[in-house]
Trainee: 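Take a look at this one; I'll ask things after.
From a predicted model like this one, the values you see are computed outputs, not experimental measurements. Each chain gets a letter, A, B and so on, in the order its sequence line appears, and its residues count up from 1.
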Amino acid sequence: MLILCCPNCGARNVSEFRFGGENSPRPALPMEASEAEWAEYLYLRANTMGPQVEWWYHQAGCGLWFLAERDRALNEVVRTFIWEDGVQEKERERGGERS
Amino acid sequence: MTPDGAMGPSGGDLPGRLKKRAGEVVDRDRSIEFTFDDETYSAHPGDTIASALVAAGIRVFSRSFKYHRPRGLLCCAGNCPNCLVQVGDEPNVRACRRPVEEGMSVAAQNAWPSLRHDLMSLIQYAAPLMPVGFYYKTFMRPKKLWPLYEHVLRQAAGLGTINTHAQELPGADKRYLHADVAVIGGGPAGVGAALAAAREGARVLLFDENTDLGGHGCYRRGGVASSAALRSTIDAVQGGSTTGEIEVLTDTSVFGWYKHNWLGAVQGRRLFKVRAKAVVLATGSFERPPVFGNNDLPGIMLGSGVSRLLHQYSVAPGRRVVVVTVNDEGWELAADLVAAGVEVVAVVDRRPQRSELAEGPMAQSGATLLFSHTIWAASGRGEVEGARFIRVGGSGADGADPSAGGPTLREPTLREPMVREAVACDLIALSTDRSPARELAYMAGAQDDQFGTGPGAGDTLPPGMYAAGRCRGTKGVEEGIGQDILYGEVAGRAAAAFARDGIDHPDNVVAVEVDRIEAEDAPCEYSPEADSTGSGKSFVCLCEDVTDEDLQTAMAEGFDHIQLLKRYSTATMGPCQGRMCAAETARICARTTGRTLREVGRTTARPPAKPVTLDALAGQKMDPVQITPLHDWHVDRGANMMVAGLWLRPEHYGDAVAEVRAVRQRVGLIDVSPLGKLKLTGPGVPDLLERIYANQWRQLGRGRVRYGVMCNDEGVVIDDGVTARVGDTEWYMSTTSSGARSVFEWIEWWLQSGWGDGVHLTDLTQTYAAFNLAGPRARQVLQKLTGRDLGNGRFPYMRVRTVRVAGVPCRVLRIGFTGELSYELHCPAGYAPHLWEALMEAGEEFDLLPFGVEAQRVLRLEKGHIIVGQDTDALSDPISADLGWAVKMAGKDDFLGRRALTRISQNGPRQRLVGFEAEGADDVPEEGLQIVGAHDRIIGWVTSSRYSSTLGRVIGLCWLPVEIASQSGGTFRIHRAGGDVVARVHHGPFYDPQGERLKL
């Protein structure tokens, strides 16, 4: 089973964590977003066979919600990092590459 | 035909047992008895069921899956399906690996009425009607016969039988293991690796699926002792005189590799979960049977199988043996058989003639020695009686070296295969191509070309994984056990270094020359032994009875991709899981479609690589529940305890109807400790509450309590509860019991992803106990225990106060789930038993009754209060769920669900959660029943229903289309087997619709 590095606690078995899904940033102005943007936020995921930014929650540990960049084809976690302001915007820009 | 069931008191009298030999594992001095199909046989300690039966002359062990053809031992290594038997209540036991125990009762499977005379074998005459994939085309019409088809097919399918009345065993146990280096396989390479790694200071785990270490060294002449290097290495491993430690686990199969060197292993019923920093694969290789006519007859065995019987158990499975070989091991086997007194009729070698073999030990044995020949077909009725051989290679093909393992090329001008006359024999030993056992490496994502190809380093396997021995390349035994041990040591040192430093050390790895296992890029030419026309059924997959012809048919139908071919034909999908047949299936696919093996590829390897019972995986039954501080009190009082979510709670104390009456007329007390309780502090809390609730919070004053509905951005209700403002910057939120954890994690996510400024969240669910004191007398009871004025003017409805009750500091909320005057007391859990008993005592004069979950369900239903998760589901928005009054969007900024709720309130809901009534006391339509409209179409369903003794009728909640739900008093039909129930729509609470009793 995968070993995941919690930014607080270090390397732990993945069974200590709960998967939180692919990062899908919430539009800054929900009432003004287009139908397509809103649907994409709620329901559409890139689901890439490759690198993905996703949420993890250290449920059996420190309770930290953090992001991981994981290559889903290889199931390799490239890095784990704590959310900060602007991360979501950066991801949205990168998300522009999604079809 | 050799006699079945020859009995005898000791080994010497049995037809198959040889005189005592060096290296045998059986104890001749003792004898044990067991039965096979109700006949008694004797064995020695150390025998397996198979070796004992072969010693007694048994040749047929089972009937094949589809055609019920008789099958005998083939591999003797636990890879093939031929020896599967039932031992007592345990089905599908491999006789070749299960040791005999005194009194064991063994039975054949899949044969009726007996193994010798199996009526189901008549099915072979229907074979033309059952080609590959026939079940995709047959048993379709007429449709109403399908229950009959299913019944017949179920009886016919499967192998063993399950005794549904067998005594349940105690739960299997489980161990977690940690190691620096895990060595999988205890043969020469494995023990070499374990020893070398331990000498580097590593903690080593050594796994082997056999009882004794030594691997293929165990089944050569003289056994392990015949190799001094192997003997001394094994002794050192078991002796424990190394720097690091070696824990040896025998009779243990490693069935799965998982991420980061997590291994699953099973030893009998015990499951091991292993984390290793580095893994050394020393899993060896296995022989795979070639495809030729009638290649499934009893008496056809793999050469290594014959070697195992001969050298480990001193058993000869035949008297007149033909050895068919592609390597020198076959010649060794032939010489060993001759030395043991068994007649070898012929040795047939696919390779061209070599003088050292033609003039070697076998020259004087009287056997016919054939070169450049291989077996074309076997013959016999029910078992092997003869074999026919065919010349391979063309007259000009002498340059090709078939020992490299690739198919031989045939000259196009040779139209008629040169098949020789049949040779009489009763055992055919096939010493053939070997496949390396790489399943675990494949699971780790390794490719075949990552084994032993790099110039400086041995392998380019995934980091932390190393390989040694025959699983790297199938060298013949010519290389010697010493070489295996040496390569094992290299891998062991490299693994220990990786475990220590986390990086590969190329200097540690010696360049190893390994032959490639297959000529993967060469086209698969026609080879005459694969032409089975006229020579009888040639089986590719013995487990599933898939013949060469079946594969041709499947490919002709278009299933020519290896993944499709596997699934359509079911080849490789039986108990052997491809060990015996995957390579041949791929070869036949390549040959027929004109591709190379590399282009064909292979199917995906997944755990388990070895069989593991669900029993071992399931382990102990563990259903942990949480108990409240009042648990013992409830049990002593005679409560009927029930599991509600994660908690064990009282359902009732004997009479739920009396409990309901007590609350309505006097006073009751319920333990609601499982309620979610969250403390929020900080100046940012009002903003947060505005964002997560659908109503307004900024203006809520101190000491006030408000009900709130929590939605997600789809507008779906995820939880509800009351939140109280306890102080200027302190708030107290309650959630549903089942939602406690998920709401906490939900809010934490929003706090940690941008909405957390000025907010701190603490989960107090398990810190505080909570009770609900409900009923018209509740105030009188509570007033006895506190000096605080509880009058309606001082402590109105929907307020929170901190009150000292019976000396205990409590947070008291006046809220009303049950619809009566009630106080919910929250106190630190340690005070709970004292407080509860004080309340019970104070309530005695008012005939207070404790009440449970069932009574509470009825009470809340009488008021029409919903339970999130029961009356709502993953599509329910609050407007449709009759909670529109809790949605107050005007004046609110952004909140979760705003967009969806705006649309729904503009368009109106399409269905509604609404109350209903029905007549009849005993006839409560169960929760979950569907509501049907015209033409029996489903238009809704019942979410809650009970008989209300307070009101004298059946009441409930249900979802209905809005046009029906809006008609108060309108009727509808609840569909139920045995007769539909007619119900009436009811709007609003059933009891006290004005809500006066709450505010007393």
Side-chain angles (χ1 to χ4, degrees), chain A residues 1-5 7-8 11-15 17-21 23-35 37-43 53-67 70-77 81-89 91, chain B residues 176 178 256-264 273-277 443-447 462-464 502 607 678 691-692 711-716 741-742 744-757 760-763 874 889 892-903 906:
Chain A
M1 84 162 93
L2 191 75
I3 292 177
L4 192 59
C5 274
N8 275 344
R12 308 293 302 173
N13 282 347
V14 74
S15 55
F17 301 86
R18 175 159 85 77
F19 180 61
N23 183 33
S24 180
R26 187 169 191 261
L29 301 167
M31 294 304 283
E32 271 134 81
S34 71
E35 288 289 273
E37 279 172 351
W38 191 247
E40 184 166 319
Y41 154 63
L42 279 183
Y43 302 116
V53 175
E54 56 193 28
W55 285 98
W56 286 91
Y57 175 64
H58 200 178
Q59 189 178 53
C62 63
L64 178 72
W65 275 102
F66 59 95
L67 293 155
R70 179 173 66 98
D71 184 316
R72 297 165 80 217
L74 306 172
N75 200 23
E76 296 285 346
V77 177
F81 54 101
I82 297 177
W83 180 93
E84 60 185 61
D85 220 340
V87 150
Q88 302 221 8
E89 281 63 42
E91 294 314 313
Chain B
Y176 288 87
H178 299 82
W257 178 95
Y258 305 89
K259 195 71 187 172
H260 292 143
N261 286 341
W262 180 261
L263 303 168
K273 297 189 184 180
V274 185
R275 174 76 75 191
K277 293 188 183 150
M443 290 175 203
Q447 305 295 324
L678 300 177
R691 284 166 150 157
I692 63 176
C711 299
N712 62 20
D713 259 332
E714 293 180 77
V716 166
R741 187 96 283 256
S742 59
F744 175 78
E745 293 179 7
W746 169 253
I747 297 179
E748 273 294 327
W749 187 82
W750 291 105
L751 294 183
Q752 294 184 37
S753 60
W755 288 354
D757 278 342
H760 190 86
L761 180 68
T762 312
D763 185 355
M889 294 192 278
K892 272 177 72 77
D893 295 324
D894 175 39
F895 68 93
L896 295 173
R898 177 180 208 137
R899 190 172 164 129
L901 293 177
T902 305
R903 178 198 305 259
Q906 279 165 3

Trainee: Is it true that atom CG of B:Asp757 has more than 12 heavy atoms of other residues, nucleotides or ligands lying nearer than 6.0 Å?
Mentor: no

Trainee: Let me know if B:Asp894 has heavy atoms under 4.5 Å from chain A in its side chain, its backbone, both or neither.
Mentor: side chain

Trainee: Quick check: closest heavy atoms across A:Leu2 and B:Arg275, and the distance to 0.1 Å?
Mentor: O-NH2, 4.1 Å

Trainee: What part of A:Tyr43 gets within 4.5 angstrom of chain B, counting heavy atoms only: side chain, backbone, both, or neither?
Mentor: side chain

Trainee: Rounded at 0.5 Å granularity, tell me how far CG in A:Asn13 sits from NZ in B:Lys259.
Mentor: 14.0 Å

Trainee: Using non-hydrogen atoms and a 4.5 Å limit, figure out which bit of B:Leu761 sits close to chain A: side chain, backbone, both or neither.
Mentor: neither

Trainee: Any carboxylate oxygen within less than 4.0 angstrom of a Lys/Arg side-chain nitrogen, looking at A:Glu32 and B:Arg899?
Mentor: no

Trainee: What is the distance from atom CZ of A:Arg18 to atom CH2 of B:Trp749, rounded to the nearest 0.5 Å?
Mentor: 11.5 Å

Trainee: Search all heavy atoms of B:Glu745 against all heavy atoms of A:Trp65 and return the closest pair with its distance.
Mentor: O-NE1, 3.1 Å

Trainee: Please classify the contact of A:Ile3 with chain B as side chain, backbone, both or neither, using a heavy-atom distance under 4.5 Å.
Mentor: both

Trainee: Within a strict 4.5 Å, meaning less than it, do heavy atoms of the A:Trp55 and B:Gln752 side chains meet?
Mentor: no

Trainee: At their closest point, which heavy atom of B:Trp755 faces which heavy atom of A:Arg26, and how far apart are they?
Mentor: CZ2-NH1, 3.7 Å

Trainee: Taking every non-hydrogen pair under 4.5 Å, which of B:Lys273, B:Arg741, B:Arg898 racks up the most with chain A?
Mentor: B:Arg898

Trainee: Between A:Leu74 and chain B, with a heavy-atom cut-off of 4.5 Å, which part of the residue counts as in contact: side chain, backbone, both or neither?
Mentor: backbone

